[in-house]
Chemist: 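Before anything else, here's the structure in question.
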Amino acid sequence: MIELRHVAKNFGEKVVLTDVNATIRDGEIFAIIGPSGSGKSTLLRLINLLDTPSGGEILLDGAAIHAERVSALAFRRRMAMVFQKPAAFNESVYDNIAIGLRMRHVPEAEIREKITAALEVIGLSGYEMRKAKTLSGGEMQRVAIARAVVTDPVVLLLDEPTANLDPVATEAIEDLVVRINREMNQTVVLSTHDMLQGQRLAHRIGVLMDGVFAQIGTPREVFAMPKNRHVARFVGIENIIEGTVRENRDGVAAIAAGGVTIAAVTPLAPGTKVCACIKPEDITIHLADGTGISARNVLSGRVTGVKAYGPLNHLTIDCGIPFTALITWKSAEDLGIRVGKAVKISFKASAVHVVEE
Amino acid sequence: MGFIIDGILEAVHLIVTLDPDVMEITALSLAVSLTATVIATLIAVPFGAAIQFNDFPGKKVLIQVIQTLYSLPTVIVGLLLFLLLTRHGPLGFLGILFTPQAMILAQMILILPIMTGLTITALSGVDATIRDTILSLGATRLQFLRHVVREARFAILGAVALGFGRAISEVGAAILIGGNIYGRTRVLTTAISLNTSQWNIGSSIALGIILLGIALVVNTVVTIYQQR
């Protein structure tokens, strides 16, 4: 178990982390997500004792790891870290994976056994004698993970392990991380700026923003119920509408926002300044004469933009206030969606996530 | 023009027949310069690593001084050592002036700056992620240095080869400190210098070919190793 208590770090004038608090449990995959420059790598480096915190403490199974300089190496040897840039030593694949074990003076027979097993796990059996420098970036990163995991670390730290890789190699790394976690019960702390990767891999996510964890929770909690507008924006909620609660009846509030009224499920009292967060995929598009819609929110507007977005169309609609919505190509075609078209949009009151301003 | 052709023919003859004088001079040259290079390597690599991986006041100045000494003139080294080692000099009691030992010392001093400097460059060229990885894997201070040096081995080998090249090709210190004594301290460069002044063109060309040949062999071996 790793406990982060009021961890702070600044490099000279530049403050990177101000007050980071979290508990990482044994056996979980904990993802640190946050925009570039939010201090994700710095936090991992602090945990791995590659840097020293300016304040606060980090506990590994109850012991403060930065407390004494002499014990730093012993703590570091209980962890392992893989870095963003795939890096291989100018040696064979075998010697690359063996390095950490040789530093610990593990008998060569045991090293051989562990490496054979590790190569099997990373899908590179038979690569022992290959020069590691000739591997692809994805293969090098898998070797790096093997090199880390063979040392039996209490925690495996992965600093944006797929940031420099193509989608296929990324998927291989993600599968490997999940497999190592499940089969070996390996605790993993992973940083990523890819929120979807965090969602795919992590049991819990910590959203690192402005030097603190803005929110820690399961992917579901973070993505469906972001704690504030910054987290909402970062996890990809595009409709963030500022307004004021006008009234609240049985937990369904009417929020006045720029000339329209939005019904939303929230306990917040009248008068509270709020942000209503609505995911584009929760918005339904209707023709302008649409009738009989069950959703509580129906707004009229005009399409102002149509953009391809993977298998979907990404629409912008002006209803007095701008909205974005996602619909399939087929629906867009059937409804004859184009810029300038008058439409109605609807969304359920329960699709609106309300945070206090 | 004929004397050049004659000289080349005589040189080939001297080399092919393994002329005892030529062989002895070559052997001494190799022995002195190889020894100087090995000793310089044993000092330059740890010294370079110590400078690269420690922060101390005056580090930049020290590196600048080392880089300036790359072009240390060989006769200056010869002169300084001569003054130290001559009978009435501070180190005169050693009695090693005009011996191969003194020549080894001179060549070692001569190539130490360039080998240290290039070692620093080689070590600073090791990828930051590799350095972090070594630390992260739980290296002790010594293990860290060993692995970084190992990772930089090809670049360091280049530095060693360059040092050896400078050692075996220098003439100023060898002549001042060695004295070019026949059968004792005569090496390739000093012999070429003497033979040319005595119009022994054949011998000079032969020794010159051997000197170039040594450079070629060293360079080839280093290249093969670096590309392996």
Side-chain angles (χ1 to χ4, degrees), chain A residues 41 44-45 47-51 69-70 72-92 95-106 131-133 137 140-141 143-161 163-164, chain B residues 41 44-46 48-50 52-57 59-60 115 118-162 220-228:
Chain A
S41 301
L44 287 176
R45 293 177 67 88
I47 298 174
N48 199 211
L49 298 106
L50 293 173
D51 276 316
R69 227 187 141 144
V70 283
L73 182 64
F75 279 116
R76 194 188 278 145
R77 284 195 172 180
R78 293 172 61 193
M79 306 182 235
M81 184 155 166
V82 173
F83 299 86
Q84 177 175 344
K85 184 175 155 198
F89 292 89
N90 211 338
E91 317 272 354
S92 68
D95 287 336
N96 258 275
I97 303 178
I99 287 177
L101 296 172
R102 287 184 179 147
M103 284 177 185
R104 290 161 176 76
H105 308 291
V106 174
K131 279 198 244 169
K133 289 267 187 197
M140 258 191 221
Q141 203 62 316
V143 167
I145 291 176
R147 183 167 59 210
V149 169
V150 290
T151 61
D152 281 329
V154 174
V155 58
L156 176 63
L157 308 167
L158 305 172
D159 186 11
E160 303 213 31
N164 290 355
Chain B
T41 304
V45 174
Q52 168 68 16
F53 295 114
N54 285 298
D55 283 317
F56 51 89
K59 177 172 172 171
K60 278 198 177 138
M115 287 179 65
L118 291 180
T119 295
I120 293 171
T121 308
L123 293 176
S124 65
V126 172
D127 188 276
T129 302
I130 283 288
R131 293 203 305 264
D132 282 342
T133 302
I134 297 171
L135 283 177
S136 170
L137 283 168
T140 60
R141 186 83 190 145
L142 203 65
Q143 286 172 333
F144 172 77
L145 292 175
R146 223 181 56 212
H147 279 96
V148 179
V149 168
R150 193 170 159 72
E151 200 56 22
R153 62 192 181 274
F154 297 121
I156 291 175
L157 188 71
V160 173
L162 199 68
T220 308
V221 167
V222 169
T223 306
I224 288 172
Y225 182 68
Q226 284 178 337
Q227 286 174 348
R228 203 170 46 140

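Just so it is clear, the values below take in all heavy atoms, side chains as well, and ignore hydrogens, waters and symmetry mates. Owing to the predicted nature of the structure, the values given are computational and were not obtained by experimental measurement.
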Chemist: Taking every heavy-atom pair that is under 4.5 Å apart, which of B/T129, B/T140, B/D132, B/V126 has the most such pairs with chain A?
Modeler: B/D132

Chemist: Do you know which two heavy atoms are closest between B/Q227 and A/K131, and how far apart they sit?
Modeler: O-NZ, 4.4 Å

Chemist: Atom CD of B/Q143 and atom CG of A/L73: how far apart are they, to the nearest 0.5 Å?
Modeler: 8.0 Å

Chemist: Please report the interatomic distance CZ(B/R150) to CG(A/D95), rounded to the nearest 0.5 Å.
Modeler: 7.0 Å

Chemist: Report the option among A/A88, A/A148, A/A144 that has the most heavy-atom pairs separated by less than 4.5 Å from atoms of chain B.
Modeler: A/A88

Chemist: Would you check, one step at a time, whether the test side chain to side chain contact (heavy atoms under 4.5 Å, CB included) holds for B/R153 with A/N90?
Modeler: CA-CA 10 Å; B/R153 62 192 181 274; A/N90 211 338; 4.3 Å; yes

Chemist: Side chains of A/M103 and B/I134: does their closest heavy-atom pair fall under 4.5 Å?
Modeler: yes

Chemist: Between A/M79, A/E91, A/M81, A/R104, which residue shows the highest count of heavy-atom pairs closer than 4.5 Å to chain B?
Modeler: A/E91

Chemist: Looking only at heavy atoms, what is the nearest atom pair of B/S136 and A/A80, with distance?
Modeler: OG-C, 4.3 Å

Chemist: Enter the distance from B/L135:CG to A/R45:CZ here, rounded to the nearest 0.5 Å.
Modeler: 8.5 Å

Chemist: What's the spacing between B/T133 OG1 and A/N96 CG if we round to 0.5 Å?
Modeler: 9.5 Å

Chemist: Quick check on A/N48 against chain B: is it the side chain, the backbone, both or neither that has a heavy atom closer than 4.5 Å?
Modeler: side chain

Chemist: Between atom CZ of A/F89 and atom NE2 of B/H147, what is the distance when rounded to the nearest 0.5 Å?
Modeler: 6.5 Å

